[in-house]
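Lettering of chains follows the sequences in order, A, B, ..., and the numbering in each one begins at 1.
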Amino acid sequence: MSTSKKINKEIFFGSSILGLYLFWAIGWFVYSYFIGGSFDEPFFPRSNISTELISPFSEGYFLGTDLYGRSLFQVLSAGLCYSLGIGLTISFFSAGIGITIGYLSAVGPKFLRSFCDLTTNLIFIFPSILIAILVMSVSGQSFWGLVFALVVTGWPGYARISRGETLRVMSLTYVESAKAVGVGPFRLFAKIVLPAILPFLLVHIVLGISGVIISEASLGFLGLGGSEYSWGALLSNAKTVLLEAPFMGIVLSLSMAGLIIGLNLCGDGLRDYFDPKS
Amino acid sequence: MTKFLHRLSYSAFTIFLAVTALFFVIRMAPGDPVEKILGPEATFEEITILRNQLGLDKAIHIQYLNFIKDVGTGNLGDSLYKKEEVTGLLKKHMPPTIILALVSVTLSAFFGTALGIWAGFKRKKTFDNVGRLVSLIALSFPIFSLAPLLVIIFSIKLNILPVSEWGEVKHVFLPILTLVIPLSAVLMRVSRNKYLEEISVPWVQVLESKGLAPFQILLRVTKVCLPTILNVVAIQLSVVLAGTMITETIFDIPGMGMLLFEGIQNRDYPVVQGVIIYSTVIYMLIYFIVDFLNEKIDPRINS
């Protein structure tokens with residue numbers, strides 16, 4: 001990986017889109033905790049029956065209002081903060097667990113290897129959404145319930161990649177020489193293997209965040225989400241008023257697609273960037 | 001033959017593990033299912049009767065043995081809400097899902113592969129660039145945000161396709177379109193990348209230097225890409241066959257996804273269990289068939 005490589009178009013456009021969304025989310029966060037409300041009582045969009053389903057760009061509402069009369073822009077912003085928070089938290093935990101287990105199943109003792117392989121494959125072959133639905137429907141709907149459900153289904157993907165990459169890296173000469181001079185297993189993982197496999201995992205983490213945001217919204221859409229501001233929950237509201245207020249569905253769909261396009265572009269761009277063949 | 005048996009036993013073992021995991025996840029979850037089913041106003045007697053009826057008053061290992069015995073003999077219990085056998089409900093909800101799955105996966109397998117291979121063939125040209133952009137955008141609309149947009153365009157603005165009321169042929173178009181777009185976008189990306197990976201291999205260069213027409217080479221390389229594409233199609237088929245919960249709830253289709261959705265909403269545990277066991281069996285079956293087909297198409301896998 002030479003440093004002279006040029007940043008490609010995908011990374012440029014993807015990170016610009018992501019930057020806009022991050023700016024929006026941070027702006028809303030600052031507003032709701034420091035300007036419009038306080039830390040004890042953060043600002044949240046209030047419902048108001050008299051202003052229900054106002055179309056965009058009218059009566060002082062930038063994006064109109066939803067079916068509870070809340071400003072759609074405010075609801076959308078709260079949902080964005082929630083989605084990004086969920087996406088980052090879950091990806092952090094899944095990637096952490098997945099990388100560790102993947103490493104262990106590549107270099108650990110035999111019983112550990114087969115055990116890790118079996119659990120990884122068992123969870124991996126089922127569509128994650130089905131397991132998440134099952135966990136959510138029995139564990140109840142809460143933030144940590146959601147995190148648990150999506151981490152349980154998220155880590156096997158990372159474990160597989162981490163295992164494959166570790167196996168590839170372990171046969172390289174500099175890792176073998178590190179082992180030969182007696183570097184311990186923890187140090188070997190943290191100082192030698194992890195930095196080598198991290199670039200490839202980064203691609204999957206970026207794509208994984210968009211996957212988590214979609215899964216969370218799917219659960220929200222089915223009424224199993226962790227927050228009423230989940231974009232999925234908002235879209236399932238929009239679905240019921242599709243005839244009266246199509247703008248709600250359009251605004252929500254497009255803003256969600258924008259965020260996911262940004263993440264996918266970044267992921268694709270990073271993959272090309274780290275690809276040794278290009 | 002031994003290999004066949006080995007694989008069969010592996011599939012059976014996986015189903016057994018999945019069923020076991022399902023049993024313990026539902027039993028170990030916080031909260032008493034009986035109290036959840038009956039609600040907060042239930043009397044102690046009602047709770048005791050239902051608990052007895054569900055067999056939840058026995059020791060956990062006896063419950064587990066009974067559960068395994070029931071599942072093994074194909075008895076999935078009765079729905080708590082609909083007063084009907086779960087197996088009967090499954091049979092009733094299968095046809096719509098099977099129609100939806102077969103049609104949409106076939107269409108997307110055809111279009112996705114054709115577009116993807118063609119994009120790989122025309123690499124870095126306009127068709128490829130536009131195709132990559134379109135597939136990226138198509139992938140960025142999850143089904144539940146794509147479906148409302150399609151409904152707004154085709155049902156509300158253009159008024160050519162109806163939304164709900166399952167039963168007539170024209171009601172099938174919109175749900176199928178909703179499924180075909182993301183499925184074929186995935187396949188398009190997979191087949192394009194696989195094609196580009198294969199054409200850099202020496203034997204393709206030999207064909208080129210022998211002066212074979214580009215189209216002839218395209219056909220030969222496509223044949224090599226097929227196992228990978230087949231695997232992706234199989235995964236897609238198993239996912240859609242398990243019930244496209246979101247599509248089915250949006251378009252009011254009485255399929256497996258709808259059954260699962262209603263089961264969750266009504267806390268109808270036997271139904272949820274039944275649908276998930278059905279999905280597990282479907283996955284194992286499809287993986288089993290694909291493993292078998294892979295060997296037939298590509299003899300290298302066997303060795």
Original post:
chain B heavy atoms under 4.5 Å from A/L252: which part of the residue, side chain, backbone, both or neither?
Top reply: neither
**OP:** Could you check which of A/L259, A/I261, A/I250, A/L265 has the highest count of heavy-atom pairs closer than 4.5 Å to chain B?
**Re:** A/I261
**OP:** Go through the atoms of A/A238 and report whether side chain, backbone, both or neither lie under 4.5 Å from a heavy atom of chain B.
**Re:** neither
Subject >> Over all atoms of both residues, closest heavy-atom pair of A/L235 and B/P148 >> reply: CD2-CG, 4.4 Å
**OP:** Count the heavy atoms belonging to other residues, nucleotides or ligands that lie under 6.0 Å from CZ of A/F13, then report whether that count exceeds 12.
**Re:** no
Subject >> Heavy-atom pair with the smallest gap, counting every atom of A/K239 and B/T249 >> reply: NZ-O, 4.1 Å
**OP:** Would you give the length of the straight line joining atom CG of B/L146 to atom CE of A/M256, rounded to the nearest 0.5 angstrom?
**Re:** 12.0 Å
**OP:** Sort B/L260 into side chain, backbone, both or neither according to what part of it lies under 4.5 angstrom from a heavy atom of chain A.
**Re:** side chain
**OP:** Quick one: which of A/D268, A/N264, A/L222 has the most heavy-atom pairs under 4.5 Å with chain B, could you say?
**Re:** A/L222
Original post:
Are B/F141 and A/L254 side-chain neighbours, meaning at least one heavy-atom pair lies under 4.5 Å?
Top reply: yes
Subject >> Heavy-atom pair of closest approach, residues A/S253 and B/S145 >> reply: OG-O, 3.0 Å
**OP:** For A/S218 and B/I246, work out which heavy atoms get closest and say how close.
**Re:** CB-CD1, 3.6 Å
**OP:** Report yes if some heavy atom in the side chain of B/I250 is under 4.5 Å from a heavy atom in the side chain of A/F221; otherwise report no.
**Re:** yes
**OP:** Please name the pair of heavy atoms, one in A/G232 and one in B/F144, separated by the smallest distance, quoted to 0.1 Å.
**Re:** CA-CE1, 4.4 Å
**OP:** Evaluate whether atom CZ of B/F288 has more than 12 neighbouring non-hydrogen atoms of other residues, nucleotides or ligands under 6.0 angstrom away.
**Re:** yes
Original post:
Would you say A/R168 has more than 12 foreign heavy atoms packed within less than 6.0 Å of its CZ?
Top reply: yes
